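So the structure is just underneath, and the comments pick up after that.
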Amino acid sequence: MIKVEGISKRYPGQTAVDNISFEVEKGQIVGFLGPNGAGKTTTMRILTCFMPPTAGTAHVAGFDVLAAPLEVKRRIGYLPETPPLYPEMEVAEYLQFVGKLKGLGGDQLRKRVAEVSEKCNVADVSKKLVSKLSKGYKQRVGLAQAIIHNPDVLILDEPTSGLDPKQIHETRDLIKGLAGEHTIILSTHILPEVEQICERVVIISRGKLVATDTVENLKNRMHGSHVIGLTVETEIDCRPVQEKLERVAGVSRVILKESFTGSHSFEIESLQGRRVQADLARAVVEAGWNLTELRQVSLSLEEVFLQLTATEAAA
Amino acid sequence: MKNILTICQKEIKSYFVSPIAYALMAIYAIVSGFFSYVAVGYFLDRSIGAMAGRGGPMDVNEWVIRPVIMNVGVISLFLIPMITMRLFAEEKRSGTLELLITSPVRDYEIVVGKWLGALAMYTCILALTAVNLSVLFLFGSPDWRPIATGFAGMLLQGGCLLAVGTFISNTTKNQIMAGAMTFGVSLLMWTFDWFTGFKSDAWAKVLAYLSLTAHFESFSKGVIDSKDVIFYVSVIVLGLFLTTRSLESLRWRG
């Protein structure tokens, strides 16, 4: 449905997007991940024909964004980071205006306005001025605007930013409900959101593509090394404890997490395929310290993300 | 075409749901009302003189309607920047331009729609002058034809300044900047023909030709000269063309 081939966007003295390629299948929800300023918005703006790429091509529903922008725009619903609302319009009036812009008219327009208002839970405020709406309602009106012409592709730029937890939850449900009918790309820097909603992830950092895979695969891929959380109770300083742990066979790295008087917490990475829990426990007990915690730390997507983007930054 | 109308309607609505339309119309009504009153006052004064056997023949068209129409041009010089300054600057600042640009609408449709919306607003303001002048018909029988050509001229001249203002509004996010620059440029276009007062070389002639007032003269006398119509229309087309190009360039420049 969406095919991005080697797009770049360069400004004088700065490369916002550098040779990014990925594909999105019909009906998928894809999370677009990256730290702030990574190039997420720029990539989305290229896909929506807001700006052309400096190099490379992108196809949406088979149409080139450069050669046939009108066809692409007809098939895309776009919610920018700040919903593009006119404060002086009523909600229904605004949706009608956008519907007309997207080429709807007559009965069909009226029907769609009613449908999307229902779907996005804004029917109860349809006679209210946009400027009087709360942030959550504004976001939902923005979403209603994006789906009014029933587009094949939906592009949502940080749809949950600035909302309270309840509104975030509602918005996520709404987006999940839209999947299937629409192919969705949504950008975010909130990782649990991706785990909850998206099937696939595209991670970019500093304008470059870092990874593109399913959420599950990404997590597995990063599980090459195990991480163990360990807390030791002892009167002595943390240095000798750390050195002792580092000498345990199979341990590759010991990181001090927290240190109070009498209690130190570490995160221990082991070499691939080595189970070191038993050896660690024995080492601690033999030294005469108390072992109060020993647990397997599973890598969250957040850590995967940090690892991926950190290596990129170092390189 | 449909898209142009959609955008034009939206612009007209946004003038009339905000205080802008009413404030501009009120200011205009007061100022142009004062001008009309003064013109009629002078006329009355002179006609008393004429009855006493002094002065030439009296003509309402020459003594009242023409000065009023010329003055309207001056007022519009101040009002037009206030009409056009928000057109693009506001949408750029609030991010709604992103909606327009990512909609299946051509760039020129956005530009022409907005300009037509501004022109409609300006027409509403001009209509107030028609109210002032219609009073004259109650007490006399002025020739309506110079009034009609005068209005056509005012619309064309206003259209030029609106096109210039639309272009300038598209070059900035700041409404005040857009307004101030439009005012400056309009004032220059207004007074280009002052050159001919002391210079008669080719440059002075070219600049004088570019002056908006020089082309208005014939309209206020009741003459529609194709030369002037072509001048105004070409300034409008050029202004809108440049706006379209600059809208496109926004994307290339990011």
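A note on names: the letters A, B, ... follow the listed sequences, proteins ahead of strands, and every chain is numbered from 1. All values derive from a computational prediction rather than experimental measurement.
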Chain A shares the most heavy-atom pairs under 4.5 Å, among B:Glu90, B:Glu91, B:Gln9, with B:Glu91
Okay, A:Glu81 and chain B: the region with an atom under 4.5 Å from a heavy atom over there is neither
**Request:** Give a yes or no on this: more than 12 heavy atoms of other residues, nucleotides or ligands lie within 6.0 Å of atom CZ of B:Phe137.
**Result:** yes
Smallest heavy-atom separation, B:Leu100 atom then A:Phe97 atom, equals CD2-CZ, 4.1 Å
Closest non-hydrogen contact found for B:Gly95 with A:Pro84 is O-CB, 3.8 Å
May I have the list of side-chain donor-acceptor pairs in residues 58-80 of chain A shorter than 3.5 Å, sequence neighbours left out?
| unit_1 | atom_1 | unit_2 | atom_2 | d |
| --- | --- | --- | --- | --- |
| A:Asp64 | OD1 | A:Leu66 | N | 2.7 |
| A:Glu71 | OE1 | A:Arg75 | NH1 | 2.9 |
| A:Glu71 | OE2 | A:Arg74 | NH1 | 2.9 |
| A:Lys73 | NZ | B:Ile101 | O | 2.9 |
| A:Arg75 | NH1 | A:Glu71 | O | 2.9 |
| A:Tyr78 | OH | B:Glu98 | OE2 | 2.8 |

The interface call for B:Val17 against chain A, heavy-atom contacts under 4.5 Å, is side chain
* To do: Using a 4.5 Å cut-off on heavy atoms from C-beta on, say whether the side chain of A:Glu93 contacts that of B:Lys13.
  => yes
Closest non-hydrogen atoms of B:Lys2 and A:Leu104, given as atom of the first, atom of the second and distance, are NZ-O, 4.0 Å
Heavy atoms of A:Leu85 and B:Thr96 approach each other most closely as O-CG2, 3.3 Å
Paired with B:Thr102, the side chain to side chain contact (heavy atoms under 4.5 Å, CB included) test is passed by just one of A:Thr48, A:Ile155, A:Leu101, namely A:Thr48
With side-chain contact (heavy atoms from CB on, under 4.5 Å) as the test, would you mind laying out the steps for B:Ser18 and A:Glu88 before giving the verdict? CA-CA 7 Å; B:Ser18 69; A:Glu88 74 273 10; 5.9 Å; no
CE of B:Met70: more than 12 outside heavy atoms within 6.0 angstrom?
yes
Between the CG atom in B:Leu97 and the CZ atom in A:Phe50, the distance rounded to the nearest 0.5 Å is 6.0 Å
Per-residue tally against chain B (heavy atom, under 4.5 Å) across A:His149, A:Lys100, A:Lys102 peaks at A:Lys102
Other residues, nucleotides, ligands: >12 heavy atoms within 6.0 Å of A:Glu5 CD:
yes
